[in-house]
Amino acid sequence: MKSLALALALFTTAAVPAHATPGFPWKLEAPAAAAKAGPRVLLMYDMEGISGISGPNQFLVGEPDYPAGRKLLAGDVNAVAAGLFNGGASEVWLVDAHGSGNPEADMPNELMDKRLKWVERDHAFDPYVDISTRGTYDAVAVVGMHSKNGAGGFAAHTYTIGVEIDLDGRNITETELVALSFGQVGTPVILATGDDKLQGNLSDMPWLKYVKVKDAIDPSTVTLRPLDQVHAEMTAKAAEAVRDIKTSKAMVMTPTKVTVKAVPPADLSVLEGFPGIDYHDNGVTYPAKDFHSAYRAAMPIIGVMRASLSAIVMRTVMQEAPNGAELRTKGTRALVKSWFDAEGGKVEPVEKPAARIERGDH
Ligand SMILES: [Zn+2]
C-alpha cells in the first residue's frame, strides 16, 4: 500500500507542471523590484463597485444620475490616490476601464487629484491588455470593481453583459483578468475595492488589500457604507498596499484551457455545429499559452455574442417606438443602399470598429 501511495503521489506531482500552483491556472511570482524613486502605480477604475453607487442610472452615460455617479467615482479615486502617495508611490497613473458609453473618461478632470497623470495613447486602446508591458508599472490598484457573473454581487458580470470566462473550468472576475494581464509582465495587483461578493470571489489573492464599499443584497440592491468611513479606509489600505508591495504576488497564467461562455441574456448557439470550433453548451473552449493570447482569442467570440445582446435592444426599440415600423423600413433601405453602393464599387472599405469600449462593457 505504501508503495502504491508513493506511486500515486509521484504521479500527482508529475501531472502538475513543476511551476504551476496546484489547483490554479496560474503561478505566483515575486514582483519585480520597484523603481528607486518609489513604486509607479497604475490606478485602474471601473464604476459598478464605487462607493455610493447603487444603480445603473449612476454608471451609464445619459442616465439622470450619471453626473452624481462621476462625483462618487472621483471621491474613491482620490481617496485611493492619496493613500498610494502616502505609502511612497512616486507616480500614479490613472486609466478608465469602465464602459459607461461616454466617449470621454468617466472621471471628471476638474475633480481629479492634480498629482495623478492620465495614461494616454494616440489611438484607442484596451486598458486590460494594451498597457501591460514589462517595466512600465510596479503595481496596479483597481477601484470600483464588481463580482463575476453568477456571484450575486451588485451589477455582477465579467467583461460585458452575458459573458463568463473560465480558465481550466474556473470562472474568473475582471479583477483576476487584470491581475493575470499585468502578472504576465511581473506586475502585481495590490489593492481592490468593491462589494462584499467580489471580496469573496478574491479569496485566492490573500496578499490583496481590499476595501468593501457596500454589501450586495442581490444584483440590483445594495446596502451602502458611509462615504467618509470608506474613503478613510481606502487611503489607509492604499498606503499599506504600497508599503507591502514585496509581499504581493504577480499572477502568471500557465498554459490553460479557456472557455468563453454566453450566459443569459446572451446567446452563442449560432456557433453550434460550426466545424473546427470546440463548441458546447453556449461556450467555446480553446487552449492558450499565456493570458494575453487567451484574452485576445476571446474577443471574436464575445463579438459574436454581442449580436444576441443588440437583438434585445433592437426588439425593444422596434416594439416601443411609435414609429417602429417606419424605422425598420428606413433601416432596411439604408442597408440596401450600402449593399448596392458596395456592389457598384462606390464605397471605401469599412473602417474596422474599435474593439471597445462599448456601452455596458467592463
Ligand atoms: Zn467591470
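One-based numbering, in listed order, for ligands and for the atoms of each.
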**Request:** Using a cut-off of strictly less than 2.8 Å, determine whether His98 has an N/O/S atom near the Zn ion (ligand 1).
**Result:** no

**Asked** Take atom CH2 in Trp118; do more than 12 heavy atoms of anything else shown fall under 6.0 Å from it?
**Response** yes

**Fill in**
Vertex the Zn ion (ligand 1), ends His146/NE2 and Asp46/OD2: angle to nearest 10° comes to 110°

**Partner set under salt bridge (charged side-chain N to carboxylate O under 4.0 Å, His left out) for Glu164, not counting sequence neighbours** = Lys261

**Fill in**
Among N, O or S atoms, Glu174 approaches the Zn ion (ligand 1) most closely through OE1

**Asked** Does Asp130 pair with Arg296 as a salt bridge, N-O distance under 4.0 Å?
**Response** yes

**Prompt:** Would you say Glu48 has an N, O or S atom lying under 2.8 Å from the Zn ion (ligand 1)?
**Reply:** no

**Request:** Report the residues that fulfil ring-ring contact (aromatic ring centres under 6.0 Å, His included) with Tyr45, sequence neighbours left out, ordered by chain and then residue number.
**Result:** none

